[in-house]
Amino acid sequence: ELVKHYFIFYNSRGAHGGKIGLSYQMGSAMGRQGNRNERNEREGIGMRVMAIDYGDARTGVAISDATGMLAGFTTVIHGRDSQRVLEEIEELIAAHGVDELVMGFPRNMDGTEGPRAQLYRDFAARLKERCGMPVSLWDERRTTIEAHQILHASGKRMKNHKKNVDAVAATLILEGYLARKRLARS
């Protein structure tokens with residue numbers, strides 16, 4: 001089951017990021033990628049980026065707006081079957097015209113790879129094979145902790161955090177990744 005959310009996002013520094021909504025763009029994720037990505041980069045047009053916070057029972061997904069500057073869509077995929085999660089991610093890629101993938105990668109606080117690192121690498125490889133796009137692995141240290149802090153600061157009860165925390169964590173991964181891309185361009 002794919003659960004879609006509208007929510008107001010507040011980052012840990014208190015800035016208001018605005019309402020995050022739904023947008024759909026139909027088409028095949030596989031056939032359009034090559035030429036469109038090259039044209040977008042050449043013309044300076046933003047690219048739609050999908051961030052994934054992969055988990056055992058819930059996988060958070062955040063997709064940037066068409067400019068590639070802000071988080072524009074979030075959802076949580078519920079399910080323990082990794083094949084089903086891959087299928088739902090592939091559907092989201094096609095529906096939203098995603099051009100680039102980034103996935104949270106578990107690291108310990110000292111920067112070494114966490115105990116689940118190989119599981120995440122394997123999932124990223126399967127995703128790349130299935131969708132035909134490389135998957136950038138992004139350090140996800142503290143994203144879940146920050147996501148809980150954001151939800152708490154927005155007045156959500158702890159027992160209700162479970163519904164949204166993975167989508168907020170994916171949004172944090174996406175925002176960090178997009179910020180690094182902007183810095184690299186300037």
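Here the structure is a predicted model, which means the values were calculated and not measured. Heavy atoms only: backbone and side chains are in, while hydrogens, waters and symmetry mates are out. We count residues from 1, following the sequence as given.
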Chemist: Does Arg126 have any salt bridge (Lys or Arg N to Asp or Glu O under 4.0 Å) partners at least two apart in sequence or in another chain, and if so, which?
Modeler: none

Chemist: With rounding to the nearest 0.5 angstrom, report the CE to CD distance, Met69 to Glu175.
Modeler: 11.5 Å

Chemist: How many angstroms lie between CG in Asn164 and CD1 in Ile150, if you round to the nearest 0.5 Å?
Modeler: 11.5 Å

Chemist: Do Leu92 and Phe73 pass the side-chain contact (heavy atoms from CB on, under 4.5 Å) test, and can you show the C-alpha distance, the side-chain angles, and the key distance before you say yes or no?
Modeler: CA-CA 10 Å; Leu92 288 168; Phe73 171 87; 4.0 Å; yes

Chemist: When you compare the side chain of Leu137 with that of Arg121, does any pair of heavy atoms fall below 4.5 Å?
Modeler: yes

Chemist: Please name the residue in the list Val85, Val135, Ile63, Ile89 that meets the side-chain contact (heavy atoms from CB on, under 4.5 Å) test with Ile52.
Modeler: Ile89

Chemist: Can a donor-acceptor pair be found, under 3.5 Å and without considering hydrogens, that links the side chain of Tyr120 to the backbone of Tyr54?
Modeler: yes

Chemist: Any Lys/Arg nitrogen of Asp99 or Arg48 sitting under 4.0 Å from an Asp/Glu carboxylate oxygen of the other?
Modeler: no

Chemist: Using links of under 4.5 Å between side-chain heavy atoms of ILVMFWY residues, direct or through other members, which residues join Tyr177 in one cluster?
Modeler: Val49, Val102, Trp138, Ile173, Leu174, Leu178

Chemist: Are any non-hydrogen side-chain atoms of Lys128 and Met133 less than 4.5 angstrom apart?
Modeler: no

Chemist: Closer than 3.5 angstrom, by distance alone: can the side chain of Arg80 be matched with the main-chain N or O of Arg58 as a donor-acceptor pair?
Modeler: no

Chemist: Ala147 and Ala169: which non-hydrogen atoms are nearest, and at how many Å?
Modeler: CB-N, 3.8 Å

Chemist: Less than 4.5 Å apart, any side-chain heavy atom of Pro115 and any of Asn108?
Modeler: yes

Chemist: Side-chain contact, heavy-atom cut-off 4.5 Å: Ile93 with Leu101?
Modeler: yes

Chemist: Working to the nearest 0.5 Å, report the span between CG of Asp53 and CG of Asp166.
Modeler: 5.5 Å

Chemist: Below 4.5 Å, heavy atoms only, C-beta onward: do Leu86 and Gln83 meet side chain to side chain?
Modeler: yes

Chemist: In Å and rounded to the nearest 0.5 Å, what is the CE to CD distance from Met50 to Glu100?
Modeler: 12.0 Å

Chemist: Side chains of Glu113 and Pro106, heavy atoms from C-beta outward: is any pair under 4.5 Å?
Modeler: no

Chemist: Is it true that Arg116 and Asp56 have a side-chain N and a carboxylate O under 4.0 angstrom from each other?
Modeler: yes

Chemist: Could you tell me if the side chain of Thr74 sits less than 4.5 Å from the side chain of Val61, heavy atoms only?
Modeler: no

Chemist: What closest approach, in Å, do Gly68 and Ser64 show between heavy atoms, and which atom pair accounts for it?
Modeler: CA-OG, 3.7 Å

Chemist: Is any side-chain heavy atom of Arg180 less than 4.5 Å from a side-chain heavy atom of Arg185?
Modeler: no

Chemist: Can you list the residues that meet the side-chain hydrogen bond (donor to acceptor under 3.5 Å, both in side chains) rule with Gln118, with sequence neighbours excluded?
Modeler: Asp122

